[in-house]
Amino acid sequence: MPVSICGADCAQCPSQAGCGGCAETGGRPFGRACLLAACCRDKAQDLCSQCGGVCGLKAPIIAEFNALGIPGLPEVKDLNALPGAYINLAYPMPGGQAAKMLEDGKVYLGNQLEAGGDRCYGLAADQDVLLVCTYGEGGSDPELILYKKRGY
């Protein structure tokens, strides 16, 4: 089983098969930088379990999601490390094309929240962007609600 730098439980990851291991790849488990691993290295921690595994990244991102004021979006209470390939949905655009907004090889902080009925809210963030969408079962019929640069 891969070993994480940030203390994430790799057994819970939906993309274990494609993971090169966080510790083994220097914080690039899917080929791109993981924001949690980078933060832990910046704080000079071997394993980030001492700081809750997130080096203080979760709280400000949770606050940003909760401050968006999106009608119907439940309060965000937690975020999880999620591989981009698992959450990178293709959103329909006005011209008929579909566009993916995230990068498959990156690791994001995100969550899935009930939107009511058969829909869910999907949340994803990294050091640069916030994304909020809704989708049906298994990621079907995705709708992009918000994609914005983070304010720092």
Side-chain angles (χ1 to χ4, degrees), residues 1-43 45 47-49 51-70 73-93 98-115 119-152:
M1 169 147 329
V3 175
S4 70
I5 291 172
C6 71
D9 183 358
C10 293
Q12 301 300 314
C13 180
S15 298
Q16 276 185 57
C19 177
C22 188
E24 296 84 354
T25 62
R28 300 171 66 85
F30 298 101
R32 296 290 315 267
C34 169
L35 76 156
L36 297 175
C39 183
C40 289
R41 278 195 313 266
D42 290 348
K43 303 256 189 230
Q45 307 223 10
L47 289 175
C48 265
S49 57
C51 66
V54 293
C55 291
L57 288 172
K58 277 188 184 183
I61 294 174
I62 288 171
E64 285 180 59
F65 278 124
N66 286 328
L68 292 172
I70 295 173
L73 180 65
E75 180 183 5
V76 179
K77 296 180 180 177
D78 196 16
L79 298 170
N80 306 296
L82 299 169
Y86 184 69
I87 59 172
N88 197 9
L89 303 176
Y91 302 99
M93 296 288 128
K100 291 186 172 190
M101 309 305 277
L102 303 176
E103 296 181 42
D104 287 350
K106 288 178 86 173
V107 176
Y108 296 86
L109 284 174
N111 206 340
Q112 174 180 292
L113 303 171
E114 296 297 321
R119 306 283 292 168
C120 291
Y121 283 101
L123 310 174
D126 68 4
Q127 62 274 18
D128 299 317
V129 300
L130 290 177
L131 181 144
V132 179
C133 69
T134 63
Y135 51 84
E137 185 175 336
S140 65
D141 190 29
E143 180 182 347
L144 186 62
I145 304 296
L146 175 121
Y147 180 82
K148 71 176 234 167
K149 295 263 185 202
R150 291 192 57 220
Y152 68 99

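Counting begins at 1 with the first residue of the sequence.
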*Asks:* Does any non-hydrogen side-chain atom of Leu73 lie less than 4.5 Å from one of Leu123?
*Replies:* yes
*Asks:* For a 4.5 angstrom cut-off between non-hydrogen side-chain atoms, does Ile145 reach Thr134?
*Replies:* yes
*Asks:* Keeping Asn88 on the side-chain end and Leu102 on the backbone end, is there a donor-acceptor pair under 3.5 Å?
*Replies:* yes
*Asks:* State the OH-SG distance between Tyr121 and Cys133, to the nearest 0.5 angstrom.
*Replies:* 10.5 Å
*Asks:* Any side-chain heavy-atom pair from Arg119 and Glu114 closer than 4.5 angstrom?
*Replies:* no
*Asks:* Taking the side chain as every heavy atom from C-beta outward, state whether Met101 and Leu144 have any atom pair closer than 4.5 Å.
*Replies:* yes
*Asks:* Among residues two or more places apart or on two chains, list those pairs meeting salt bridge (charged side-chain N to carboxylate O under 4.0 Å, His left out) that have a residue in residues 131-140.
*Replies:* none
*Asks:* Check this for me: does any side-chain nitrogen of one of Asp78 and Lys58 sit under 4.0 Å from a carboxylate oxygen of the other?
*Replies:* yes
*Asks:* Take a 6.0 Å sphere around NZ of Lys148 and say whether it holds more than 12 heavy atoms from other residues, nucleotides or ligands.
*Replies:* no
*Asks:* Are any of the side-chain heavy atoms of Tyr135 and Gln112 separated by less than 4.5 Å?
*Replies:* yes
*Asks:* The test is side chain to side chain contact (heavy atoms under 4.5 Å, CB included); show your working for Leu79 and Ile62 and say whether it passes.
*Replies:* CA-CA 7 Å; Leu79 298 170; Ile62 288 171; 3.7 Å; yes
*Asks:* To the nearest 0.5 Å, how far apart are CD in Glu143 and CG in Leu89?
*Replies:* 12.0 Å
*Asks:* Decide yes or no for Asn80 and Leu109: does some side-chain heavy atom of the first lie under 4.5 Å from some side-chain heavy atom of the second?
*Replies:* no
*Asks:* For Ala90 versus Pro142, what's the shortest heavy-atom pair and its separation?
*Replies:* O-CG, 3.3 Å
*Asks:* How far apart are the closest heavy atoms of Val107 and Ala81, and which atoms are they?
*Replies:* CG1-CB, 4.0 Å
*Asks:* Could you check whether Asp126 pairs with Arg150 (Lys NZ or Arg NE/NH1/NH2 to Asp/Glu carboxylate O, under 4.0 Å)?
*Replies:* no
*Asks:* Indicate yes or no for a side-chain donor-acceptor contact from Asp141 to the backbone of Gly136 under 3.5 Å, with no hydrogens or angles considered.
*Replies:* no
*Asks:* Testing Ile70, Leu113, Leu146, Leu130 one by one against Phe65 for a side-chain contact (heavy atoms from CB on, under 4.5 Å), which residue passes?
*Replies:* Leu130
